[in-house]
Amino acid sequence: MRNLLGPKAPPAPPTAIPDGQRVYAIGDIHGRNDLLNKLIALIEADDASRGPSDSLIIFLGDLVDRGQDSSGVIETARALAARRPVRFLCGNHEEMFLGSFEREDTLRHFLRHGGRETLLSYDIEPQVYNIVTLTELHEMLPALVPQAHRDFMAAMEDRIVVGDYVFVHAGIRPGVALEDQSPSDLRWIRGEFIDDRTPRDFAVVHGHTITDEPQVLPLRIGIDTGAFASGRLTALGLQGTDRWLIEAREDAQPEASLADGGAIQAG
């Protein structure tokens with residue numbers, strides 16, 4: 001039977017983070033500043049427990065929209081980056097937010113996909129928001145959203161590569177070289193990427209597509225657990241060939257949420 005079927009394909013080589021480095025990736029936050037603060041505490045406790053390393057935290061994008069405190073999330077993220085190495089990916093919701101300053105039709109789209117909650121986390125009263133026209137709201141945006149927040153989002157990256165891992169918000173276009181990937185695909189792609197089984201020599205870590213549980217596969221790791229609705233914000237830890245998950249829950253104290261356990265081998 002073995003001869004009829006041909007030789008079995010060799011297993012994919014293990015993906016790894018370079019020696020001396022440790023990476024934490026944080027999934028889509030969507031305005032849940034409460035969960036973000038819990039998760040940061042969990043990550044920093046986990047990082048300290050594992051000993052010295054060159055540690056980096058990567059936010060996978062979609063910090064804003066849907067949840068109640070997007071402005072607070074941005075402030076928390078900026079404060080974290082001021083005291084330790086952190087990098088930020090631009091999600092499709094940051095793209096919509098920034099585009100809203102340029103075009104009214106983008107603002108309309110943004111408001112329909114959680115932007116209302118984002119704007120209400122700034123200095124506008126709900127009763128005012130409810131009576132202004134779209135044009136009036138568009139004119140208010142520059143005064144409503146601090147320039148520092150706009151600059152922060154504008155500086156976000158499209159992809160980050162560390163060792164054998166590629167970090168993006170949504171995914172990559174199958175069959176297209178990394179350097180040729182379009183920002184639109186990196187921020188918006190879904191089914192074509194999720195369903196792709198093409199072999200590659202790197203693993204992709206992403207958010208964007210909500211799943212009940214993190215999807216930890218040899219060459220694809222999705223960690224968007226729908227924090228704005230589920231009350232669960234997930235992070236992935238990586239060191240060498242080890243992988244582990246950390247989760248903050250709205251119904252648990254930070255010290256009870258640490259999901260260290262055994263490392264998940266990269267395989």
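Quantities reported herein were computed from a predicted structural model and do not represent experimental measurements.
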J.: Run the side chain to side chain contact (heavy atoms under 4.5 Å, CB included) test against Thr76 and tell me which residues pass, sequence neighbours left out.
T.: Asn33, Leu36, Asn37, Ile40
J.: Decide whether a cation-pi geometry holds between Arg159 and Phe167; the criteria are a distance under 6.0 Å from NZ or CZ to the six-membered ring centre and an angle within 45° of the ring axis.
T.: no
J.: With salt bridge (Lys or Arg N to Asp or Glu O under 4.0 Å) as the rule and sequence neighbours excluded, what pairs involving residues 217-230 come up?
T.: none
J.: When clusters are formed from ILVMFWY side-chain contacts under 4.5 Å, directly or step by step, what else is grouped with Val204?
T.: Val161, Val166, Val168, Ile172, Leu178, Leu186, Ile189, Phe193, Ile194, Phe202
J.: Identify the two heavy atoms, one from Phe88 and one from Ala81, that lie closest to each other, and give their separation to 0.1 Å.
T.: CE1-CB, 3.9 Å
J.: Considering residues at least two apart in sequence or located in another chain, which fulfil the side chain to side chain contact (heavy atoms under 4.5 Å, CB included) criterion with Arg116?
T.: Leu120, Tyr129, Asn130
J.: Would you call Arg50-Asp46 a salt bridge at under 4.0 Å N-O?
T.: yes
J.: List for me each residue that meets salt bridge (Lys or Arg N to Asp or Glu O under 4.0 Å) alongside Arg78, sequence neighbours excluded, and say none if there are none.
T.: Glu75
J.: Do Tyr165 and Thr15 get their side chains close enough for a donor-acceptor pair, meaning under 3.5 Å?
T.: yes
J.: Suppose we screen for side chain to side chain contact (heavy atoms under 4.5 Å, CB included). Which residues come up paired with Asp54, at least two apart in sequence or across chains?
T.: Gln21
J.: With sequence neighbours excluded, what pairs up with Arg232 under the salt bridge (Lys or Arg N to Asp or Glu O under 4.0 Å) test?
T.: Glu213, Glu247
J.: Restricting to side chain to side chain contact (heavy atoms under 4.5 Å, CB included), what partner residues turn up for Ser71, sequence neighbours left out?
T.: Asp69, Ser121, Tyr122, His149
J.: Arg103: which residues meet the salt bridge (Lys or Arg N to Asp or Glu O under 4.0 Å) condition with it, sequence neighbours left out?
T.: Asp105
J.: Just checking, is any N or O donor in the side chain of Arg108 or Ser100 under 3.5 Å from an acceptor N or O on the other one?
T.: no
J.: Residues sharing Val176's hydrophobic cluster, by side-chain heavy-atom contacts under 4.5 Å among ILVMFWY, directly or via others?
T.: none
J.: Pair Val64, Val73 - check side-chain contact (heavy atoms from CB on, under 4.5 Å), show working.
T.: CA-CA 7 Å; Val64 302; Val73 168; 5.9 Å; no
J.: According to the side-chain hydrogen bond (donor to acceptor under 3.5 Å, both in side chains) rule, which pairs have a member within residues 81-96, sequence neighbours left out?
T.: Glu44-Arg83, Glu44-Arg84, Asp47-Arg84, Asp65-His93, Arg87-Glu157, Asn92-His169, Asn92-His208, Glu95-Arg187, Glu95-Trp188
J.: What residue pairs, at least two apart or across chains, pass salt bridge (Lys or Arg N to Asp or Glu O under 4.0 Å) with a residue in residues 122-142?
T.: none
